[in-house]
Amino acid sequence: MFKRERLAFLLVLTMVAPGLVLAQPAPAVERPAVDRIRDEGMNRSQAMATMKYLSDVIGARLTNSPAQRRANAWTKEQLEKWGMKNAAIDPWGEFGKGWELKRFTASVDANGEFVAFRSYPKAWSPSTNGAITGDVVYVDATDEAGLEKYKGKLKGAIVFTAPERRVEPGFAPVATRTSDDELAKLDAAKPQDNVQQNRGRQGGGAGAGNQSFNQRKYRFYFEEGVAVLVEPSQGTDSGTIRVMGASPAPTAPVPGQSPFAGPRVYSKGAAPTIPQLVAETEQYNRVYRLLKQGIPVKMTVDLAVQFFEDDLQGYNTIAEIPGTDLADEVVMIGGHLDSWHAGNGSTDNGAGVTVTMEAMRILAATGLKPRRTIRIGLWTGEEQGLLGARGYVAKNFARIGDGSDNAAFAAMAGGGRPALTKLPAYDKFAAYFNLDNGTGQIRGINMQGNEALRPIFRGWFEPFHDLGAKTVSINSVGGTDHLAFTAVGLPGFQFIQDPIEYFGRTWHTTQDVADRTIEEDLKRSAVIMATFAYNAAMSDEKMPRQQMAGGVASLIPGFDYRALNDEQAFAALGLGHQVCGYPVRPEELPNGFPSMFAVSTFFRDGAEATSGE
């Protein structure tokens, strides 16, 4: 299990130089305006009404599913009711097929005992076309010779793909708040040379080999006609199941294509994959142990799903409060609207949607007149690689090459200045503030390496010291939508939040439900979010920006990405990774989420540490 510490994303995909502009004096904070924001947000909040409708009525919002489209429509209508202008369901580009679970049951028969098998299908798994029953097999192979033993024996089998996962007693609390000491260390953090890079280089060979054989084993399952693949939940136990997307059918690599590009399981025309389940860890372990003892086990699976291919476009929800004398300049706030499908998407990221929508409602209800336009973006496709936010930025502000993963990798690895096409709105953009780390209240903000922002953010937090919100850290965080903005040199930020039980219980799990959210935390975060948006909209000058790098071959200093020839080599470097604020091992990255968008390191009080500490 990972230590629950905040990772910092070391300027990955930011295309930004380490050199900074000089710090500016902090602008004056309009305390009467802040008091009005706080009064409205704390005494007349609608945050929980928003959360419960989004979670309970609409439910899980897998990208391009019917529920996600309903969420687009409802958020647009709700923002319009609160007085927002120019509300739109805004297309950002082609995503692929929608998917919806229609029916699912699984059971095992071991020694005549019937057991309901607690598990959940991965998104974009195909149907089983009625109930199927097969022998459960664990393929205990570590090389080609080991696979030979199973040749011709797996057709119609239900294959367990991993060994038993150790379950430890839960002595440590699942839910925590960030201590004052930890916040102080984050505030005092200083950037360090990336010594982790060399450690990763030295230790990556074996990991790359293991991953390569795992891919070979996966192809073998297709060749042999396996009926269903089953794996244990990663990082959770006690009945909680972490579920993401299915792995696509294996395809041959395309010469000249970046290691981070290629077909996804949801792509138009993607080959059918094998139905895939994630099981409750304890149940998976029991069946695994029975198999190891030579006791035959049969499993019955009935999985019915529906794919949607009538509209392959992805859509964000956009709305705004028009500005006054600087109306052509824009401040944005947002979070991702899409979720995974096993829970209700309440903490990831109904919390971010709730907080940003409530912040917009507060600003409209107070009658404050911002100088700059304040715009909300509720993104989709975040869980598959920040797709909606990246598409929005490419359409409205700037584009790296043709906007594809391939172009981003080429720019990052090429050694020269990236081909950045700036649109007219680029120079009118002020800042973007993101929320995507669960229900926990805002405790501070990460400056994404831009020290010039420290006095500004310190001043903006001053009215909220009594709420425990004041930390301003040099750290950068990755794996969520603000990176779409920082990737092209625009100021984008993710707040520091209390973890609560996001990492240990709700992130991408069956427990990501409204019951796991905290009303007081959502209210406080919405007030702080509204205040930051308002302050950014009222400042005489836009936020200070970092200077674009002359070259981006070393987004991690001293590292040449061109030396890598596959995604497995990148993932095996030994670097930390992070998605939606959650520390993950490379093998736990959601399928199709490029590792380069999630590689990370973090600093505490000047000290660097790896995610595996």
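Each residue takes its place number in the sequence, starting with 1.
For K470, the NZ atom is loosely surrounded, since the number of other residues' heavy atoms within 6.0 Å does not exceed 12.
Rounded to the nearest 0.5 Å, atoms CZ (R361) and NZ (K81) are 14.0 Å apart. Rounded to the nearest 0.5 angstrom, I400 CD1 and T421 OG1 are separated by 10.0 Å. Taken to the nearest 0.5 Å, the CG atom of N450 stands 12.5 Å off from the CG atom of N446. Note: Y502 OH to H508 NE2 = 5.5 Å, rounded to the nearest 0.5 Å.
Pairing each heavy atom of V472 with each of R454, the nearest pair is O-NH1, 2.8 Å.
Between E30 and Y534, some side-chain heavy-atom pair lies under the 4.5 Å cut-off. Side-chain contact between I333 and V355 is absent, with no heavy atoms from C-beta onward closer than 4.5 Å. Proximity of D436 to H482: side-chain heavy atoms (C-beta onward) are nowhere separated by under 4.5 Å. Here the side chains of N396 and F429 are not in contact, with every heavy-atom distance at 4.5 Å or above.
Counting only distance, with no hydrogens or angles, the side chain of N316 and the backbone of T380 share a donor-acceptor pair below 3.5 Å. Between the side chain of S339 and the backbone N or O of D348, no donor-acceptor pair lies under 3.5 Å. A donor-acceptor pair under 3.5 Å is formed between the side chain of D512 and the backbone N or O of T347. In this structure a side-chain-to-backbone donor-acceptor pair under 3.5 Å is missing from T356 to G334. A donor-acceptor pair under 3.5 Å is absent between the side-chain atoms of N434 and the main chain of G492, judged by distance alone. Proximity of a side-chain donor or acceptor of W124 to a complementary backbone N or O of K97 within less than 3.5 Å is detected. A donor-acceptor distance shorter than 3.5 angstrom exists from the side chain of S473 to the backbone of L186, with no hydrogens or angles considered. For the pair R443 (side chain) and T178 (backbone), a donor-acceptor distance under 3.5 Å is present.
Applying the side chain to side chain contact (heavy atoms under 4.5 Å, CB included) test between I496 and each of D187, I445, L183 identifies L183 as the sole match. The only option from E329, E541, E320 that meets the salt bridge (Lys or Arg N to Asp or Glu O under 4.0 Å) definition with R372 turns out to be E329.
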Problem set entry | F493 vs F485, ring pair (Phe, Tyr, Trp, His ring centres under 6.0 Å): CA-CA, chis, key distance, verdict | CA-CA 9 Å; F493 309 97; F485 295 84; over 10 Å; no
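In summary, the aromatic rings of Y392 and W379 are positioned with their centroids under 6.0 Å apart. Here the two rings, on F532 and F457, have centers that are under 6.0 Å apart.
Cation-pi geometry between R545 and Y426 is met: the NZ or CZ atom falls under 6.0 Å from the ring centre, inside 45° of the normal.
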